[in-house]
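Below is one structure, written out as structure tokens, with a few remarks after it.
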Amino acid sequence: MSESQGTSKKENDSEIDEVELGRGELTDGDERVFQALHDHPFLSRRQLELYHGRAYRMIHLHLKSLANRGWIERHNARQPWMRTRALFSLTEKGVARAAANARAKEQDYGRQMGLDLPRLEQLLVMMECVFQVRTFLLWLQQKKANWDWAMPYWDVEVDKLFDTGDESFKVPFHGAGVMVRPNGRWNMVAVELDLRRVPVEKDRERLVRFVLAQTDRRFSRPENREEFPVWVLIAQEEFRLQDYYAVLRATATAEQLPMPRAYLTTFAQMRALRDDPALPIWHSTVSGQRKALLADAVGSSSPLPIQPPWSKLRVEPQKGKQDIITWKWLADLSQGADQKLDLREVKHCAGAIALVLKPLEKRVLEEIAAHPLLTTDEMALLLRLAPWRVAEAAQRLVELDFAAEHVLPTTVRDNAPEANKPRRASERKRYLLAEGGLHYLAMIAGFQSRVERYARARGWAQGFDSLLEHWQHTHEENAFFLEMARIAEERKHELVWLSELESRLYYDYGNDSLVKVKRPRPRAEVDDSRPRSDTEAKRKNWRRSFLPDGRGTYIANGQRYEFALEIDRSRMPMAKFQRKLSEYFAAVASNILRGRGIELLRLLIVTNSWERAETLEESATKIQEKLKSAKFLPVLITTFDRLRASGIDHPIWLRAGQTSEKGSALTAAKDYSFDCFVPKPKAPREPGRVTYKS
């Protein structure tokens, strides 16, 4: 061993001894860890390893040294999907120490540096997004043989001010960073992580503003164009990635602006960057090809800014919460002292909910919101958990006023085999989202206190009263999708289920639309004496929408089957049902669905009798023949009795347009709903051999 190596080993050993014994001044490693938690509260140990490029043991010892001085504390994020359970941040004493070093007042310093309690609470609430964005940015900081980018500064939950001349506005980003090439050129990247909590079409505000921000005069000159942020978008799946691209392109076309520079990928593909950040997994809007991140960007040649070209997202404390959120409150909740905390009194305090609710309770709450009026046994099927665990979590949510339970009469038919079975109390109770749960879900979706806007985005604007009023209809819809979920689990397929409130379909209605849906016109529209404005005279198309009884995507063998469900209990007048069929044909004829990647939409109808099915089939056939649209909207009809007797994945579906003139719906040939359910032909049997022994 050389003398220099021996000296460095002694210095390293002495540093470890000082940390373990807690004596002496802070080491350089302690200072670096302290500064990292000062700049980025709630980092995990693994993230600190990536941040500093040091081993786990050293990071553990530095954290121990800072904790012994009372400058940092440990938190349990209690997120159902996070492998790590330990997150670290500065304490009030640690913030006071940083303020003293900067010779500033503690309160002003904390607000300026993003260490005030409202922002810390926001980071805790958004931890699902914050943790993933930080991990992604830390992966981009790695030094690899084919990746030599540097990232001098980055942050999460930020915004940037743009001035378009007509107005000034801020665009919020889930994360942002400055990436520097070896030649000194740099780009700002803005990160958008898809949380899949609302439809992309319903939460397009940030995307639209980002497209409009291109008109900022600061970036109009060619030498300053590269300083405009590059959008880095990580979607949960390929289908939602297409939704994001469609919104960006539609906005740019409508505003006569170029497509913003953006790189899009899915969450599953993004995980591969852990080992190689230079992988070509990004869909580039510049070249239209798969590229490595920033492969098409030239980079700005201007001097690197001293300060980050963004600001931390400011969070103002809500009224009535100033006395609740304190440093002691945060420390007590982090240490598990939540026995005396009544969340019903602080149900609008999302930080308390994020720290107190268990991971299973959060999963059950999201399931109640996504699929209303399910029992705990039915939720256990979707979550693939034991029913007693789901029942315990649901009961806790009811006690905290985050969910409400309703006891509804059974709707099992007398001829069903389950009719005479005794039912447990958990099978009779059905659950709906309550006010406290609605506020929490709005916060973790990034809507902060805009609960009404979040409810509109999810399709809950009218509340859940209509579901209770027509609970039998909802029960039939739930039973259909639960049976399909069971089939998907048995066959190792995947089902995406959108409930009745969230399955809205859109279409263009007007002079240019393919299908004219007859709607009653408002009295003001019929009155010819009312003068029409120029806007009304020029407008030809209106965007309409309607609600199916449910919508889903069945994924099997790499193929997606998009379908809508209609539950017909023979109570809707035939004229009204025909109008709804026309709306379906208008939706598939419009480019709206194709823009979202839906090339073929199937309509599944379940009704009471084959006589009713025959009437529905005749109406659908007439519209198909008139529009020649049987190819892009197959209509499949069956009955409740046949569905319960055979199952969804059997040939029980009457296809519109196949019934002969003399035949009836009962005797007509039936099809499978999806091609993936058709059994494969058996292999031909090989002739056997007989061996004779003498």
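A salt bridge does not link R185 with E226: every distance from a Lys NZ or Arg NE/NH1/NH2 to an Asp or Glu carboxylate oxygen is 4.0 Å or more. A salt bridge does not link R134 with E157: every distance from a Lys NZ or Arg NE/NH1/NH2 to an Asp or Glu carboxylate oxygen is 4.0 Å or more. Under the 4.0 Å criterion applied to side-chain N and carboxylate O atoms, R261 and D296 are not assigned as salt-bridge partners. Taking a cutoff of 4.0 Å between a charged side-chain nitrogen and a carboxylate oxygen, R46 and E49 qualify as a salt bridge. Salt-bridge annotation for R453 and E205: present, with a side-chain N of the basic residue lying under 4.0 Å from a carboxylate O of the acidic one. A salt bridge links R458 with E502: the closest approach of a Lys/Arg side-chain nitrogen to an acidic carboxylate oxygen falls below 4.0 angstrom. Salt-bridge check for R97 with E31: passed, with a basic side-chain N closer than 4.0 Å to an acidic carboxylate O.
Between Y51 and H40, the distance separating the two ring centers is shorter than 6.0 angstrom. Between Y109 and H38, the gap from one ring centroid to the other is short of 6.0 Å.
Classification of the F210-W231 ring pair by plane angle, with boundaries at 30° and 60°, yields tilted. The aromatic rings of F228 and F219 sit perpendicular, their planes meeting at an angle over 60°, well past the 30° parallel limit.
At least one side-chain heavy atom of I444 sits under 4.5 Å from a side-chain heavy atom of E366.
With sequence neighbours excluded, the residues forming a ring-ring contact (aromatic ring centres under 6.0 Å, His included) with H493 are Y554, listed by chain and number. Every ring-ring contact (aromatic ring centres under 6.0 Å, His included) that F563 has, sequence neighbours left out, goes to F481, F674.
Within 6.0 Å of atom CZ in R274, 12 or fewer heavy atoms from other residues, nucleotides or ligands are found, so the atom counts as exposed in its surroundings. Enclosure of atom CZ in R249 is not indicated, since only 12 or fewer non-hydrogen atoms of other residues, nucleotides or ligands lie within 6.0 angstrom.
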Steps toward ring-ring contact (aromatic ring centres under 6.0 Å, His included) verdict (F88, H75): CA-CA 6 Å; F88 299 89; H75 309 271; 8.3 Å; no
Starting from the C-alpha separation in whole Å, work towards a yes-or-no answer on salt bridge (Lys or Arg N to Asp or Glu O under 4.0 Å) for R197 and E128. CA-CA 12 Å; R197 298 195 176 276; E128 177 183 0; 2.3 Å; yes
Could you walk me through whether D148 and K143 pass salt bridge (Lys or Arg N to Asp or Glu O under 4.0 Å), step by step? CA-CA 6 Å; D148 50 2; K143 295 296 183 182; over 6 Å; no
Checking L90 against F34 for the side-chain contact (heavy atoms from CB on, under 4.5 Å) test, could you report, in this order, the C-alpha distance in whole Å, the side-chain angles of both residues, the deciding distance, and whether it holds? CA-CA 8 Å; L90 299 186; F34 182 89; 3.7 Å; yes
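The side chain to side chain contact (heavy atoms under 4.5 Å, CB included) with I234 is formed by just one residue from the set V133, L193, D194, L241; it is L193.
With Q141 contributing its side chain and M151 its backbone, the two residues share a donor-acceptor pair below 3.5 Å.
A distance of 3.5 Å separates OG of S168 from CG of D163, quoted to the nearest 0.5 Å.
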